[in-house]
2 protein chains.
Amino acid sequence: MPSIKDVAAEAGVSVATVSRALNGHPSVSAAARARVLAAVETLGYRPNAVARSLRTDQTRTLGLVISDVLNPYFTELARSVEEEARALGYSVIIGNADERPDLQDHHVTTLLDRRIDGLLVSPTDGGSPRMLDAARAGTPMVFVDRWIPGVDVPVVRSDGRAAVRDLVAHLHGLGHRRLAIIAGPAATTTGRERVDAFREALAAYGLPLPDAYIGQGDFQAGSGRRVTEGFLDLPEPPEVVFAADNLMALGALDAVRARGLRVPEDIGLAAFDDIPWFVHTDPPVTAIAQPTRDLGRAAVRALVERIAGRAGASVTLPARLVVRRSCGEPPSEQHPPSPSPVRRSTP
Amino acid sequence: MPSIKDVAAEAGVSVATVSRALNGHPSVSAAARARVLAAVETLGYRPNAVARSLRTDQTRTLGLVISDVLNPYFTELARSVEEEARALGYSVIIGNADERPDLQDHHVTTLLDRRIDGLLVSPTDGGSPRMLDAARAGTPMVFVDRWIPGVDVPVVRSDGRAAVRDLVAHLHGLGHRRLAIIAGPAATTTGRERVDAFREALAAYGLPLPDAYIGQGDFQAGSGRRVTEGFLDLPEPPEVVFAADNLMALGALDAVRARGLRVPEDIGLAAFDDIPWFVHTDPPVTAIAQPTRDLGRAAVRALVERIAGRAGASVTLPARLVVRRSCGEPPSEQHPPSPSPVRRSTP
DNA sequence: CCTCCTCGTGGAATCGATTACACGGAGGAT
DNA sequence: ATCCTCCGTGTAATCGATTCCACGAGGAGG
């Protein structure tokens with residue numbers, strides 16, 4: 001692979017001139033520039049990004065550490081992050097933590113070793129020492145979706161409180177009173193928040209959230225299945241199960257089906273995080289949709305601000321309820337939308 | 001961020017000794033090694049991978065260019081690639097081409113500029129000049145899932161012919177005779193092969209595959225919808241539609257539902273690429289499953305072989321049919337498996 | 001005609017590692 | 001006692017870029 005020296009030799013100029021010509025530096029004569037460009041063409045030269053990064057101390061690369069790539073929500077997030085980063089001239093290296101703190105740590109370390117310009121993290125847990133050190137040391141960093149309280153890093157996320165209230169209103173309106181939740185890990189903010197929001201919304205209707213109706217999940221399908229089985233084994237099972245993410249909802253669907261029960265007749269189901277497949281499940285699943293694309297975009301913009309040395313503000317975008325049939329009473333999709341504040345899906 | 005010089009100063013040795021101590025070189029005294037390690041600890045030193053790469057001319061990084069991250073098949077592939085690469089001490093940078101040749105080109109270029117050690121590609125089209133140049137120039141490279149004929153690069157893929165024959169046997173056994181296919185782009189090998197396999201399998205039963213029953217898709221949901229609408233508008237619509245990937249199947253499901261028709265009563269549906277969601281769609285979708293994890297693993301191993309200067313053989317793994325209910329006659333899941341060679345799903 | 005500025009260019013330092021080569025000292029062989 | 005070997009270490013070259021500084025040529029102004 002030819003280096004800048006080869007180009008210089010071919011063009012009959014010094015490496016300094018080649019570098020200047022290629023970087024659009026003004027003080028290069030038209031003749032020299034033309035010769036350099038010709039040499040680049042004949043040799044098929046491409047600048048070595050590694051060498052350039054070493055010298056300039058910037059890689060034009062962003063790191064993104066997400067909790068679970070197989071979760072369609074994070075896949076979409078990753079995609080929008082890459083899209084926006086590319087538009088801004090950055091590449092993205094994705095690290096998949098698989099909800100495992102040790103893997104998260106591995107990726108953060110690797111990314112930092114590669115001297116990425118900035119780090120986007122959706123923390124799996126309370127934060128590895130390595131990550132907290134990096135944050136303190138001034139590595140440009142932004143949390144997305146989940147965050148770690150007490151760390152001075154901008155957070156880009158969506159607030160599901162209003163949507164959870166809408167959901168509970170919807171469920172209450174359908175006559176459901178015994179509502180259970182499959183929670184995410186307590187170590188994650190989203191895990192805690194969704195339970196809190198649910199509990200508050202229930203309280204507004206004078207409904208309790210007994211401990212037996214709070215199942216501890218880990219954002220993976222398997223835990224959704226196990227927790228749902230536990231709910232079904234209760235002397236008085238819940239009427240509706242609210243899964244704190246889409247994979248646990250999938251697991252819940254598994255569990256219900258394995259018992260030969262039906263949704264929503266025997267038990268209702270709702271999920272946090274909407275995905276295209278929820279339109280086509282049996283039945284279509286009522287879900288809370290996050291503005292995932294916007295989240296990814298905003299996160300990248302905030303991070304790039306930080307890299308540029310500016311503040312990079314936190315952003316909170318609202319989530320919204322998408323009513324489908326999994327909690328009962330199919331919304332009459334042929335009719336005009338109901339006057340209720342709850343929005344309905346248009347599949 | 002401290003450099004090797006700082007460590008050397010702190011430990012009272014030269015940078016050479018620090019480097020040797022850190023890389024496990026034998027000729028370093030125990031005392032020096034201890035002092036270096038202590039200095040590393042107090043300074044929180046981490047070697048700069050950029051500088052190391054420049055010197056050693058290897059990045060311990062693999063590039064993976066896939067056609068569409070949002071497709072769960074590729075997401076899973078990417079995950080297994082990363083997993084195996086990590087086990088082998090490599091990082092992976094994923095480039096998402098979104099089925100766009102220009103984007104594919106962009107990622108290949110960027111990856112090559114970063115001097116990745118090897119490239120894994122699932123080509124969107126016939127191959128960009130940049131990619132073909134790289135292959136010819138000897139960049140270690142392996143095609144995965146899709147490939148480009150005539151290029152001397154190992155291919156890791158799965159062969160769906162047998163599974164497609166099983167599928168057609170299954171459909172024929174259910175009494176279906178008018179079978180249509182939503183094809184992938186003709187520029188991709190998988191796009192062409194699946195149509196060919198389907199046509200051959202039909203021929204074995206004396207069934208034709210008229211042009212009207214071959215819809216041109218692009219592996220995205222939207223095209224599945226459009227093609228299916230076309231099929232439904234035919235004077236004699238097909239009895240079963242076979243989508244060449246899971247996203248087009250999703251689109252087909254959309255189209256059928258939009259007409260108020262039902263699967264499988266009004267029209268049957270089958271798909272290439274099985275995904276967890278197909279168990280929970282309405283109805284569960286009969287699909288051809290690829291051994292995605294094994295594919296990813298094998299691809300990385302072949303690539304690492306190439307990087308090591310060895311041959312790195314092509315690998316072809318069989319796909320298998322998973323029968324569900326979307327083509328009619330729900331398999332009786334309570335009964336022992338039928339003696340037919342067609343395997344049945346156990347959800 | 002001389003001086004000064006500007007412009008284009010090249011030489012060389014630099015980024016942070018790795019590694020070939022040289023060197024000094026200790027220990028064993030003769 | 002002398003020489004050789006080996007071990008541990010340091011000096012310096014190197015990877016491929018960017019960029020500071022210096023320098024020569026040419027034009028403008030006095």
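In the text below, chain A, chain B and the rest are named by the order of the sequence lines, each starting its count at 1.
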Original post:
Cut-off 3.5 Å, side chains only: do B:Arg114 and A:Ser91 have a donor facing an acceptor?
Top reply: yes

Subject >> Shortest non-hydrogen separation from A:Tyr90 to A:Thr61 and the atoms involved >> reply: CD2-N, 3.7 Å

Subject >> Contact letters for nucleotides 10-17 of chain D, in which S counts primed atoms plus P, OP1 and OP2 and B counts the base, heavy atoms under 4.0 Å >> reply: BB-BBBBB

Original post:
Considering the options B:Asn96, B:Asp102, B:Asp98, which one meets the side chain to side chain donor-acceptor pair (under 3.5 Å) requirement together with B:Arg100?
Top reply: B:Asp102

Original post:
Less than 4.5 Å apart, any side-chain heavy atom of A:Asp145 and any of A:Tyr73?
Top reply: yes

Subject >> Within 6.0 Å of CD in B:Glu41, more than 12 heavy atoms from elsewhere >> reply: no

**OP:** Go through residues 27-44 of chain B and report each residue with a non-hydrogen atom lying under 4.0 Å from DNA chain D, sorted by number.
**Re:** B:Ser27, B:Val28, B:Ser29, B:Ala32

Original post:
Above 12 or not: heavy atoms from other molecules or residues under 6.0 Å from CG of A:Asp133?
Top reply: yes

Original post:
So with a 6.0 Å cut-off around CG of A:Asn23, is the heavy-atom count from everything else above 12?
Top reply: yes

Subject >> Note, B:Val153 side chain near B:Val155 side chain (heavy atom, < 4.5 Å) >> reply: no

**OP:** Taking only Lys NZ, Arg NE, NH1 and NH2, and the carboxylate oxygens of Asp or Glu, determine whether B:Arg293 and B:Glu84 approach each other closer than 4.0 Å.
**Re:** no

Original post:
How about A:Arg86 and B:His106: do any of their side-chain heavy atoms sit closer than 4.5 Å?
Top reply: yes

Original post:
Hey, what bend do you get for the helix from C:dC1-D:dG30 to C:dT30-D:dA1 if you fit axes on five pairs at each end, rounded to 10°?
Top reply: 60°

